[in-house]
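Reviewing the structure listed below.
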Amino acid sequence: MRSSDCLRLIVAGSNTVADSFIVAPRSAIKTQTRFYNKPIVRHASLAENGELFEEACLLTPEGYGFSSSMDRVLRKAGRENGFYRASSASSVLDVMESITSGPYDVALVFDSDKPSLFLGIFTEYDYVKFSTARAAEAKSEEASANFLLSPISQFITPADELVALKDSDTANKAIAAMSESTIRHLIIADKVTDVYRLCPDSNVLGVINMQDVMSTVEKDERLSLKTLAKKYPGLTNPIDQIREEQRSTANRMASDPETVKKDLIRTGTAIFSVLAVGAFFSGSEWLHAHADIVMIIIFILGYIGIIFEEIFEFNKGAVALLMSTGMWVTYADFFNSGGVASETVISQLGEQLSEVSDICFFLLAASTIVEVVDAHQGFKVVTNQIKTTSKAGLFWTIGFLTFFLSAILNNLTVTIVMCSLLKKLVPDENDRRLFGAMVVVAANAGGVWTPIGDVTTTMLWINQQLSTVPTITELFVPSLVCLVASLAFLVGKVEEDAPGEGSSLPEPTPLATRGQVVFWAGIAALLAVPIFSELTGLPPYLAMLTGLGALWTLTDIIHMGEEDEEGLRVPAALSKLDTAGILFFLGILMSIGVLDKSGILKDLAVFLDNTLPSQDIIATVIGLASALIDNVPLVAATMGMYDIAEFGTDDKLWQLIALCAGTGGSILVIGSASGVALMGLEKVDFIWYAKNVSVGAAVGYFAGILTYLAQTSILHGGLLQNVFPPAMATVMDTVQQQPSPFSSLNAT
């Protein structure tokens, strides 16, 4: 973008630079969020970081002008915190007098009984509402006077409707917020939600208005233009000075390590793309002979791109889709192929897409149901029952709740539900990541001990490797130990609030009847999934879609004729879903599927069987492998390795595989459907999870295995037969090898 396109100088009454100011053109204005009293759509609003102007249009250094922080704007305004503090019991007359006679133009109203509780704001807009109500209702001077003596709390804009920014947000974002929302004031706080509202534990730092922001920006840009005039005295035209500064800045940026990294990534990506396309069109004999190696290389490169998403700055959804396409093309055209996909490959592709689509539609429907319940504040039914004021106590409570819910639902659904619940319970993003990771561990552990809790257990159950009662009775304790061991390790990372800060939990509030109806209808829809599947024999995704259809109809009936409640309907919930996350899920499972169809996973399983000394170790390794590779094809390959005639129903091998494959996926965030869902829901990346959670998950994993082996030995008598007899034999051998004290006497 050229500098002349970015800005123009409008001279106001003088030809000097000092009398000029900067105006950004319409082409430089980005998409804005609907901030205030309007529906907010997550992920579809506030392009990039919410700035109004492109970076190339900013004249001032970082931290000045449009990139000034709200903290700096507040200080530059010179009005302390920018508001008059009023009590909820104060009269309208007193508050108006304080505003008009002081430096402030707004009042923030706090509860008179609980001074730390922020209730709302009183501005000129609220005064207009007050005056309108007085004109309509006050029919005498006495009534008008009574209105003036009314408590200010009756005429404020409530705190939960206010637009708020963090003190670190920029002037750019503030202008976008006020322009789009047609408001003149913004609340500045230490923390806000992802939809620009105050959190339950936010500390209000001040109030700014549009004049405060524009005054700071204008002063900074005037100073910047003066600085440019001194820096380039040979150039008299301000536009030429700006162009020269941009060239100088571009040269500095070219040597910046971050810029070099990006250039290397761009160049490497371009070269790799050209080589990949060239290799495909070349029809190389080497590709035909080593197609399996090429698929493995593509898989490894794709996973590297996903794992280091933050470094490469490639969206993991795009990487997963390209990875799956590259692997399927290699399999179809080069793996035992004449160069064109055969009917067999086309059929396999259709089968795999059908299997993956089942999971994606299941995820789509479950996420939508949860979103609709959340929109109606239905989770207050649960949050109102949680009384603990300790984060550690909440950590254990959520963990056990997740564990038992995932046994009757499935772990993917429970993860979605609990992550939505955590947004209400844990406002801090860093805390919520840790709690979300704990949910993944608990959901995977809880899904193991019932046939309907985890997809791998369900697979073994359907194929009669497992039956219902033995699965519950023999896998419950190891699963519980896995959970407790992991939580005991992870709870040490939970940081309690400082004394006096109080609980971060929201205060219990009553839930409207329609909210309760939607909550219980949503829970019924989720709980009915295994029952529907069992009775009809149809796949779970159809049951979930049926539940969504029922809830959709119910909410349409509830909100019939209510045009202002469109945000509570299913279409609004669908617009909030993380589509990129679902496509990422699709790409991952399609990639794993081609490894399965090509026999590569089967070869891996056979290699493990021939290399490792016992089935216990094989099951343990399969569990560890499931941390990196999806456990569904791994378990499917294992089921094909061992004959049910040799290892019958409820054999120790099948139970151990169910336990290991189910809980091993928690060790890495990409190892389970729950973890992948967490990546999309809470933006948890691979590196963070590996640093903070993997060790704790591994502790629980091995604790669960050891518990199962000990339990099996005790229940089936193996502990006495397999441990004590060898030990006694060893003792006897040692005794026999010792020289007898009477041997010398015998010799004589």
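If you're wondering where the values come from, they're calculated on a predicted model, not measured in any experiment.
- Open room surrounds CZ on F361; 12 or fewer heavy atoms of other groups in view lie less than 6.0 Å from it.
- The shortest side-chain heavy-atom distance between N692 and R433 does not fall under the 4.5 Å cut-off.
- No donor-acceptor distance shorter than 3.5 angstrom exists from the side chain of D651 to the backbone of W654, with no hydrogens or angles considered.
- With hydrogens and angles disregarded, a donor-acceptor distance shorter than 3.5 Å links the side chain of S694 to the backbone of I667.
- Here the side chains of I705 and P478 are not in contact, with every heavy-atom distance at 4.5 Å or above.
- The line from CD1 of I657 to CD1 of I622 is 5.0 Å long, rounded to the nearest 0.5 Å.
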* To do: Evaluate the side-chain contact (heavy atoms from CB on, under 4.5 Å) criterion for residues S486 and V699: first the C-alpha distance (whole Å), next the side-chain angles of each, then the deciding distance (0.1 Å), finally the verdict.
  => CA-CA 6 Å; S486 293; V699 168; 5.6 Å; no
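- Not a single donor-acceptor pair under 3.5 Å links the side chain of T330 to the backbone N or O of M295.
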* Would you please test T707 and V477 for side-chain contact (heavy atoms from CB on, under 4.5 Å) and show each step? => CA-CA 8 Å; T707 301; V477 173; 4.0 Å; yes
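- Note that CE of M590 is 5.0 Å distant from CG of L353, once rounded to the nearest 0.5 Å.
- For the pair V439 and M418, the tightest heavy-atom approach, listed with the atom from each and the gap, is CG1-CB, 3.8 Å.
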* Does the side-chain contact (heavy atoms from CB on, under 4.5 Å) test come out yes or no for N315 and F584, once each step is laid out? -> CA-CA 9 Å; N315 186 282; F584 166 67; 5.9 Å; no
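- Residues Q655 and L475 form a side-chain contact, since some pair of their non-hydrogen atoms from C-beta on lies under 4.5 Å apart.
- Of the possible donor and acceptor atoms, one in the side chain of Q711 sits under 3.5 Å from a partner among the backbone N and O of E474.
- Looking at Y541, its side chain never comes within 3.5 Å of a backbone N or O of A365 through a donor-acceptor pair.
- Note that the CG atom of L624 and the OG atom of S626 stand 7.5 Å from one another [nearest 0.5 Å].
- Note: F395 and F435 have perpendicular aromatic rings, judged against thresholds of 30 and 60 degrees for the angle between ring planes.
- W328 and Y331 have perpendicular rings, their planes meeting at more than 60° on a 0 to 90° scale where under 30° would count as parallel.
- The two residues F686 and V669 come nearest to each other via the heavy atoms CA-CG1, 3.9 Å.
- Counting all heavy atoms, side chain and backbone alike, I369 lies closest to M544 at CD1-SD, 3.9 Å.
- Across all their heavy atoms, A332 and V345 have their closest contact at CB-CG1, 3.6 Å.
- Between L483 and F400 the shortest side-chain heavy-atom distance falls below 4.5 Å.
- Using a 4.5 Å cut-off on side-chain heavy atoms (C-beta onward), L656 and Q615 make no contact.
- Separating the CG atom in L349 from the NZ atom in K597 is a distance of 9.5 Å, to the nearest 0.5 Å.
- Remark: L548 CG to T368 OG1 distance equals 5.5 Å, nearest 0.5 Å.
- A 4.5 Å side-chain heavy-atom check between K652 and L709 finds at least one atom pair inside the cut-off.
- Here the side chain of S406 pairs a donor or acceptor atom with the backbone of A443 at under 3.5 angstrom.
- Looking at every heavy atom in both residues, A437 comes nearest to W688 through CB-CZ3, 4.3 Å.
- Annotation: side chain of V448 is not in contact with side chain of N444 (no heavy-atom distance under 4.5 Å).
- Rounding to the nearest 0.5 angstrom, the gap separating the CG atom in L460 from the OG atom in S467 is 11.5 Å.
- Taking each heavy atom of V440 and T415 in turn, the nearest pair found is CG2-CG2, 4.5 Å.
- Looking only at side-chain heavy atoms (C-beta outward), V594 and F299 stay at 4.5 Å or farther from each other.
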* To do: Could you go through the side-chain contact (heavy atoms from CB on, under 4.5 Å) check for L586 and L321 one step at a time?
  => CA-CA 8 Å; L586 173 72; L321 291 175; 4.3 Å; yes
